[in-house]
Amino acid sequence: MSFYSIYKKYKNIDLNKLFESRPKDIKKVLMQDNMSFDDFSFLLSVEAEEYLEDMAQKAHRITLQNFGKTIQLYTPIYLSSYCDNKCVYCGFKKDNLIKRRKLSLEEVEKEASFIAATGLAHILVLVGDSREHSPVSYIKECVKVLGKYFASISIEIYALTENEYRQLIDAGVDGLTIYQEVYDEQIYDELHFSGPKKDYIFRLDAPERGAKAGMRTINIGVLLGLNDFRTEAFFLGLHAKYLQDKYTDTEISISVPRIRSYAGSFEAKHSLSDKNLVQMIMAIRLFLPRVGVTVSTRENERLRENLLPFGVTKISAGTTTAVGGHTLDDKEKSSLQFDLLDKRSVADITEMLRRKGYQPVFKDWMKV
Amino acid sequence: MKDVLNIGGREFLNRLLVGTGKFPDKRLVKDVLEAAQTELVTVALRRVDIDSEQENILDYIPKDCLIMSNTSGARNADEAVRIARLAKACGCGNWIKIEVISDNKYLLPDNVETLKATEILTKEGFIVLPYMNPDLTIARQLVEAGAAAVMPLGAPIGSNRGFKTEEIVKIMVKEISVPVIVDAGLGVPSDAAKCMEMGCDAVLVNTAIATANDPVKMAKAFDLAVKAGRMAYISGAGASFEQANASSPLTGFLREEMQVK
């Protein structure tokens with residue numbers, strides 16, 4: 001059994017209409033500790049929009065209870081931008097005429113040392129999907145270098161086999177981030193024009209392979225804007241629950257990136273408002289009280305700050321989406337994968353969190 | 001006579017143990033520990049950053065407070081043992097609270113793996129305080145394995161639900177020879193007082209203090225409650241009855257008989 005069977009069961013769900021004729025009593029839904037799929041879909045529905053403040057109160061309460069006023073900090077490190085995929089929404093897609101780059105191990109060390117000096121101890125490794133330019137063996141070597149500087153190393157790379165995940169865990173990786181981007185199988189097929197990522201099911205089962213291999217944390221997500229956000233949020237929540245139920249010793253978290261522009265811009269068909277994003281985060285928090293929620297620098301400063309009480313547990317800081325973005329000369333670094341809205345340094349983000357009464361958590365793991 | 005708590009050969013006057021997670025500001029930890037008059041504090045090694053000047057939690061713990069590392073993040077006995085050894089190696093001493101959790105949804109401990117880790121670590125000279133689901137048989141085995149105390153949960157960790165495991169813990173208090181410390185789930189000071197009145201040797205509180213609007217004041221409140229509960233236990237509370245009990249309906253005839261005589 002894989003999550004695919006659950007997806008197939010619910011794939012025709014329409015949260016824009018489901019509760020039109022049978023609205024639920026929000027007070028009753030919010031009083032429960034355990035929410036059914038039906039309750040969760042109600043929290044994501046158009047009808048539930050009227051009750052955002054009620055949802056916010058409870059979402060805040062259970063976030064506080066489960067995580068306290070603490071926020072984990074991390075930053076991505078881009079190692080290579082060569083890519084064999086043609087994903088229509090991505091700045092690194094194969095046919096995009098951009099400046100590409102792959103870091104040597106010396107350059108990785110230089111970037112690592114620069115980032116570590118900001119105080120960050122959790123790092124997220126990114127490479128493009130190219131088994132030629134950035135094979136698992138290359139990532140393994142880079143991870144060994146990064147291990148000297150960071151307490152926790154996660155990867156956000158192309159989907160691997162269980163055995164490959166195990167190899168990276170042995171090299172020092174403890175976390176896996178992999179987004180389905182869009183759960184709707186047909187839209188997925190249309191947007192992933194060609195390349196290894198076109199295999200929907202291999203991608204869908206990647207988090208599960210990571211869990212089987214022994215990843216400590218698994219972060220899944222959807223790229224918001226590619227499809228109706230209610231449907232996508234529903235499947236994201238179900239996928240997180242599926243993993244949480246089946247791999248009880250793995251920490252499951254979710255990300256909610258909204259699509260950002262890049263060189264050779266892509267127009268998102270299903271753009272969503274801040275209000276939609278807030279509803280989505282809160283619905284997932286209420287459905288899955290223990291799940292982690294990551295908000296990246298794709299969102300602007302003000303929104304990121306305002307989202308904190310609703311369930312956010314992890315944010316990035318001091319971010320660049322260019323390969324070598326921290327230490328290479330402008331001439332040397334790659335083009336950006338996408339533009340950022342929050343360009344604040346680690347020190348600024350730390351200061352902001354303290355001002356808002358949150359403890360910035362730099363280190364929350366060590367290699368054992 | 002002084003009322004001392006003896007754990008692993010060391011004497012404590014204060015019976016409120018405090019955890020250091022979830023605080024909105026690390027700097028608060030120092031004030032909280034002072035307000036609670038805590039002598040034994042637990043710190044998750046995963047969050048200790050020895051090299052950081054500002055971010056090392058150990059710098060916020062008063063010098064006279066004993067630090068007990070915990071193995072938060074361990075998913076099995078093997079990981080707990082490795083974390084304990086790391087803690088010792090980085091100068092955090094040999095007091096260890098074993099926390100083995102393979103269930104991320106409810107954060108309930110794994111008693112079987114906890115027992116395995118206890119057996120290994122006590123042999124290596126650690127003072128071991130295992131966090132556990134209340135269970136008399138496992139508690140006895142933990143004592144047999146050399147645990148310095150046992151730490152049954154009062155309710156799921158972080159839940160602030162109060163002392164829900166009372167009936168089982170009551171039996172443990174009666175039967176277990178080492179200190180019984182209720183760890184996790186206590187939400188308000190009266191929960192802590194209840195544990196102490198019943199004869200528990202100490203309580204460990206974290207979330208209820210860390211997530212209060214005023215953690216320092218809440219720490220003080222827990223301190224007072226623990227002291228009040230302990231004092232009540234030592235005083236020997238009067239028996240309580242379910243109904244008013246002025247006459248003796250069943251044995252009253254005996255009195256009448258006596259009067260006739």
Side-chain angles (χ1 to χ4, degrees), chain A residues 33-34 60-73 116 119-122 149-152 174 211 214-218 240-241 243-253 288-292 308 313 347 350 353-368, chain B residues 19-29 44-57 71-76 78-87 90 100-108 110 113 156-161 185 187 206-213 215:
Chain A
D33 275 346
N34 296 307
H60 178 52
R61 209 163 57 238
I62 57 182
T63 302
L64 202 60
Q65 185 201 319
N66 281 289
F67 304 96
K69 287 183 105 178
T70 66
I71 297 284
Q72 173 73 47
L73 294 176
L120 292 176
H122 288 219
Y149 296 89
F150 300 100
S152 167
D174 58 84
M215 288 287 176
R216 176 168 297 279
T217 60
I218 291 189
K241 181 170 166 53
L243 293 168
Q244 214 177 42
D245 288 348
K246 200 163 171 185
Y247 303 95
T248 59
D249 61 358
T250 311
E251 278 181 38
I252 307 297
S253 58
L288 302 168
R290 287 279 321 151
V291 90
L308 293 178
T313 56
T350 303
L353 288 173
R354 290 223 166 96
R355 200 177 61 240
K356 298 196 79 90
Y358 281 81
Q359 180 194 153
V361 176
F362 289 86
K363 176 178 176 291
D364 190 26
W365 190 238
M366 75 245 127
K367 196 164 159 38
V368 291
Chain B
T20 51
K22 292 188 185 174
F23 279 91
D25 188 338
K26 276 185 190 156
R27 285 166 289 192
L28 266 174
V29 170
L45 188 74
R46 63 192 286 184
R47 293 189 204 104
V48 173
D49 192 354
I50 298 280
D51 302 328
S52 172
E53 272 175 33
Q54 274 180 16
E55 295 299 329
N56 186 358
I57 180 82
T71 62
S72 161
R75 298 176 292 186
N76 51 46
D78 185 44
E79 289 182 351
V81 167
R82 277 185 281 160
I83 294 173
R85 289 176 185 154
L86 270 176
C90 70
V100 180
I101 292 176
S102 56
D103 157 55
N104 264 299
K105 218 194 283 176
Y106 301 99
L107 299 177
L108 292 169
D110 182 332
E113 292 292 307
I157 197 166
S159 68
N160 286 352
R161 284 188 187 254
N206 186 350
T207 304
I209 294 175
T211 62
N213 286 337

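Numbered from 1 within each chain, the chains take letters A, B, ... in sequence-line order.
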* Given the rule in the side chain to side chain contact (heavy atoms under 4.5 Å, CB included) test, do A:R290 and B:L107 qualify, once you have shown the distances and angles that lead to the verdict? -> CA-CA 9 Å; A:R290 287 279 321 151; B:L107 299 177; 3.5 Å; yes
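- Taking every heavy atom of both residues into account, B:P24 and A:G357 meet most closely at CB-O, 3.1 Å.
- Side-chain atoms of B:K22 do not come within 3.5 Å of backbone N or O of A:T70 as any donor-acceptor pair.
- Both the backbone and the side chain of A:D364 come within less than 4.5 Å of a heavy atom in chain B.
- At least one donor-acceptor pair closer than 3.5 Å links the side chain of B:N104 to the backbone N or O of A:D249.
- Comparing B:D103, B:I157, B:D25, B:D78 by heavy-atom pairs within less than 4.5 Å of chain A, the highest count is held by B:D103.
- The part of A:K241 that comes within reach of chain B is its side chain, from C-beta onward, which places non-hydrogen atoms under 4.5 angstrom from that chain.
- Of the possible polar contacts, one joining the A:T248 side chain to the B:S102 backbone as a donor-acceptor pair under 3.5 Å is found.
- With a 4.5 angstrom heavy-atom cutoff, B:T207 touches chain A only via side-chain atoms.
- Although no hydrogens or angles enter the test, the distance criterion places no donor-acceptor pair under 3.5 Å between the side chain of A:R216 and the main chain of B:R75.
- Within the 4.5 angstrom heavy-atom criterion, no atom of B:R85 approaches chain A.
- The pair A:D174-B:R46 does not meet the salt-bridge criterion, since no charged nitrogen lies less than 4.0 angstrom from a carboxylate oxygen.
- Atom CG of A:D245 sits in a crowded spot, with more than 12 heavy atoms from other residues, nucleotides or ligands closer than 6.0 Å.
- B:T211 and A:L64 get closest at one heavy-atom pair: CG2-O, 3.5 Å.
- Within the 4.5 angstrom heavy-atom criterion, only side-chain atoms of A:F362, from C-beta onward, approach chain B.
- Not one N or O on the side chain of B:K105 forms a donor-acceptor pair closer than 3.5 Å with the backbone of A:L288.
- Heavy atoms of B:S72 lying under 4.5 Å from chain A belong exclusively to its backbone.
- With contacts defined as side-chain heavy-atom distances shorter than 4.5 Å, the pair A:M366/B:R82 does not qualify.
- Nearest heavy atoms, B:R161 versus A:D33: NH2-OD2, 2.7 Å.
- Of the listed residues (B:A74, B:S159, B:A210, B:G21), the greatest number of heavy-atom pairs within a distance under 4.5 Å of chain A belongs to B:S159.
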